[in-house]
Number of protein chains: 2
Amino acid sequence: MARPKREDINDVNRRNDLVIAAALLFKEKGYHGTSMRDIARAINMQAGSPFYHFATKQDLLFAGVEAGLLACLADLEAIDPKALPPLEYFRAMARAHLRCLLETQGGMVPMVVDEWRYLEGPNLEAVLAIRHRFEALWQSALARLKDAGLVRRSDAMACRFFLSALHGAVRWYKPDGPMSPDEIADELVDWIRTR
Amino acid sequence: MARPKREDINDVNRRNDLVIAAALLFKEKGYHGTSMRDIARAINMQAGSPFYHFATKQDLLFAGVEAGLLACLADLEAIDPKALPPLEYFRAMARAHLRCLLETQGGMVPMVVDEWRYLEGPNLEAVLAIRHRFEALWQSALARLKDAGLVRRSDAMACRFFLSALHGAVRWYKPDGPMSPDEIADELVDWIRTR
DNA sequence: CCTACCGATCGGTAGG
DNA sequence: CCTACCGATCGGTAGG
């Protein structure tokens with residue numbers, strides 16, 4: 001493969017600036033509460049310039065949601081289930097998941113939790129497909145916990161309960177607060193296990 | 001107090017129609033994704049007419065959020081803590097909470113969960129004050145559960161975990177699905193207790 | 001990427 | 001409540 005030329009690198013960098021700035025603004029003010037002009041201004045672009053990188057506002061949302069989900073999924077898949085006993089594996093998953101949510105790129109990932117629902121058509125379907133992979137991974141982690149007798153049930157609903165509780169931290173976590181993402185994850189895991 | 005005249009009754013009814021129509025649309029498309037024209041059209045009003053009842057779009061959002069929260073809070077406060085043992089009281093609370101969220105006025109209350117964050121100034125403060133009353137109520141219910149040895153911890157974070165898991169049902173509950181709100185609440189309570 | 005612009009839509013208002 | 005309207009802003013485009 002050819003090495004990218006300097007202009008290409010700059011294009012890619014600016015494109016990435018857009019994705020991050022958009023994600024942060026979407027998180028703060030919502031997708032429909034944020035204008036393309038807001039996003040452009042945040043990285044010192046002119047009003048029409050984002051459309052050089054993304055054909056539509058929706059494409060920009062999709063790029064952020066997909067990147068956030070895939071980065072988080074990769075972190076989770078990097079944890080080897082066979083290398084750890086059930087509880088430790090589950091805890092490592094929870095820690096990685098929450099760290100990714102709360103610490104990536106100045107906290108851009110929480111946007112994914114609330115704003116993916118404004119995606120349409122193929123964009124929405126692509127995101128739902130990635131979400132399925134998440135849930136399958138978590139289901140198997142939870143099933144191991146149940147087999148070890150550490151949790152009462154491990155069906156799809158229990159999985160949703162757990163992920164909702166974990167994702168809820170997005171709404172009250174403060175970076176300068178007393179607890180780190182790892183500590184919050186540990187507390188939740190401790191709270192839901194039966195022994 | 002004087003009995004309201006017929007015109008007043010109609011005014012109140014139309015005002016209420018607006019609140020409900022707005023809540024349903026906000027839930028579906030988000031606050032900023034819904035226009036006052038959308039809301040007016042939904043109840044066969046003309047574009048400018050909602051402003052006869054509400055000075056601003058924000059006031060209409062506030063009316064819906066406040067009404068939803070207060071109705072739910074009233075349901076919870078109607079349950080007498082002293083009349084039931086800890087687990088049964090907690091379960092009754094969870095059932096009432098979820099029924100209110102999922103069944104009120106064709107499912108308008110979930111809007112509260114996502115859209116209250118677009119409130120500003122005094123409107124936001126008023127809603128946060130009501131939320132504090134919710135959390136205090138749930139904290140005491142959870143504390144009783146802990147005193148009875150049915151749950152590991154009952155601090156503010158455990159309370160948030162629980163409410164996040166409960167509220168999460170808003171995103172996957174289907175009225176025509178296999179489980180009722182009561183059954184979902186029971187499953188969650190069963191899942192989080194340690195014995 | 002910037003400049004200059006388009007048609008559409010928005011929240012809100014005046015006057016009845 | 002309806003009619004008719006306002007200024008502002010929106011997503012997006014053409015041309016360089």
Side-chain angles (χ1 to χ4, degrees), chain A residues 4-23 25-26 28-65 111 115 117-124, chain B residues 4-23 25-26 28-65 111 115 117-124:
Chain A
K5 300 179 206 145
R6 182 166 299 142
E7 310 95 72
D8 296 338
I9 294 176
N10 284 342
D11 266 21
V12 167
N13 284 345
R14 283 312 260 170
R15 191 188 143 97
N16 207 254
D17 291 345
L18 272 173
V19 172
I20 293 174
L25 285 165
F26 291 160
E28 194 184 317
K29 310 199 296 171
Y31 175 65
H32 286 115
T34 303
S35 71
M36 290 298 271
R37 283 162 172 83
D38 291 336
I39 298 164
R41 196 181 315 120
I43 58 170
N44 292 314
M45 266 186 186
Q46 297 303 313
S49 301
F51 295 99
Y52 167 74
H53 298 277
F54 293 92
T56 66
K57 187 183 178 185
Q58 166 104 192
D59 289 341
L60 182 48
L61 172 63
F62 176 70
V65 171
M111 180 268 299
E115 309 301 327
R117 70 196 191 98
Y118 297 117
L119 292 169
E120 294 163 5
N123 286 339
L124 180 58
Chain B
K5 300 181 207 143
R6 182 167 298 141
E7 310 94 73
D8 295 338
I9 294 176
N10 283 342
D11 266 24
V12 167
N13 284 345
R14 283 312 259 171
R15 192 189 143 97
N16 207 254
D17 290 345
L18 272 173
V19 172
I20 293 174
L25 285 165
F26 291 159
E28 193 184 318
K29 311 199 297 173
Y31 175 65
H32 286 114
T34 303
S35 70
M36 289 299 268
R37 282 162 174 84
D38 292 334
I39 298 164
R41 196 182 315 120
I43 57 169
N44 292 312
M45 266 185 185
Q46 297 303 313
S49 302
F51 295 99
Y52 167 75
H53 297 277
F54 293 93
T56 67
K57 186 184 179 185
Q58 165 105 189
D59 289 341
L60 183 48
L61 172 63
F62 175 69
V65 171
M111 178 267 299
E115 309 301 329
R117 70 196 192 98
Y118 297 117
L119 292 170
E120 296 165 4
N123 286 339
L124 180 58

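Basis for what follows: all heavy atoms, side chains included, without hydrogens, waters or symmetry-related copies. The structure presented is a predicted model; accordingly, all values stated were derived computationally and were not measured.
With sequence neighbours excluded, the residues satisfying salt bridge (charged side-chain N to carboxylate O under 4.0 Å, His left out) with A:D17 are A:R14. For B:A47, the side-chain contact (heavy atoms from CB on, under 4.5 Å) criterion is met by B:R37, not counting sequence neighbours. By the side-chain hydrogen bond (donor to acceptor under 3.5 Å, both in side chains) test, B:D59 pairs with B:T56, sequence neighbours left out. With sequence neighbours excluded, the residues that form a salt bridge (charged side-chain N to carboxylate O under 4.0 Å, His left out) with B:R117 are A:E115. Residues satisfying the side-chain contact (heavy atoms from CB on, under 4.5 Å) test with B:V65, not counting sequence neighbours, are B:L61, B:L69, B:M111, B:V112, B:W116, B:L119, B:V127.
Taking OH from B:Y118 and CG from B:N123, the interatomic distance works out to 16.0 Å, rounded to the nearest 0.5 Å. A distance of 8.5 Å separates CG in B:L25 from OG in B:S35, rounded to the nearest 0.5 Å.
Contacts between residues 49-59 of chain A and DNA chain C, defined by a heavy-atom separation under 4.0 Å, are made by A:S49, A:Y52, A:H53.
Here A:R14 lies in heavy-atom contact (under 4.0 Å) with sugar-phosphate atoms only.
The strand DNA chain C forms stems, runs of 3 or more Watson-Crick or G-U wobble pairs with distances below 3.5 Å, at C:1-16 with D:1-16.
Applying the salt bridge (charged side-chain N to carboxylate O under 4.0 Å, His left out) test to pairs two or more places apart or on separate chains, none has a residue in residues 42-58 of chain B.
Although no hydrogens or angles enter the test, the distance criterion places no donor-acceptor pair under 3.5 Å between the side chain of B:Y31 and the main chain of A:H32.
In terms of heavy atoms, B:T34 sits closest to B:K29 at OG1-CB, 3.7 Å.
Interface limits on DNA chain C: the 5'-most and 3'-most nucleotides within less than 4.0 Å of chain B heavy atoms are C:dC10 to C:dT13.
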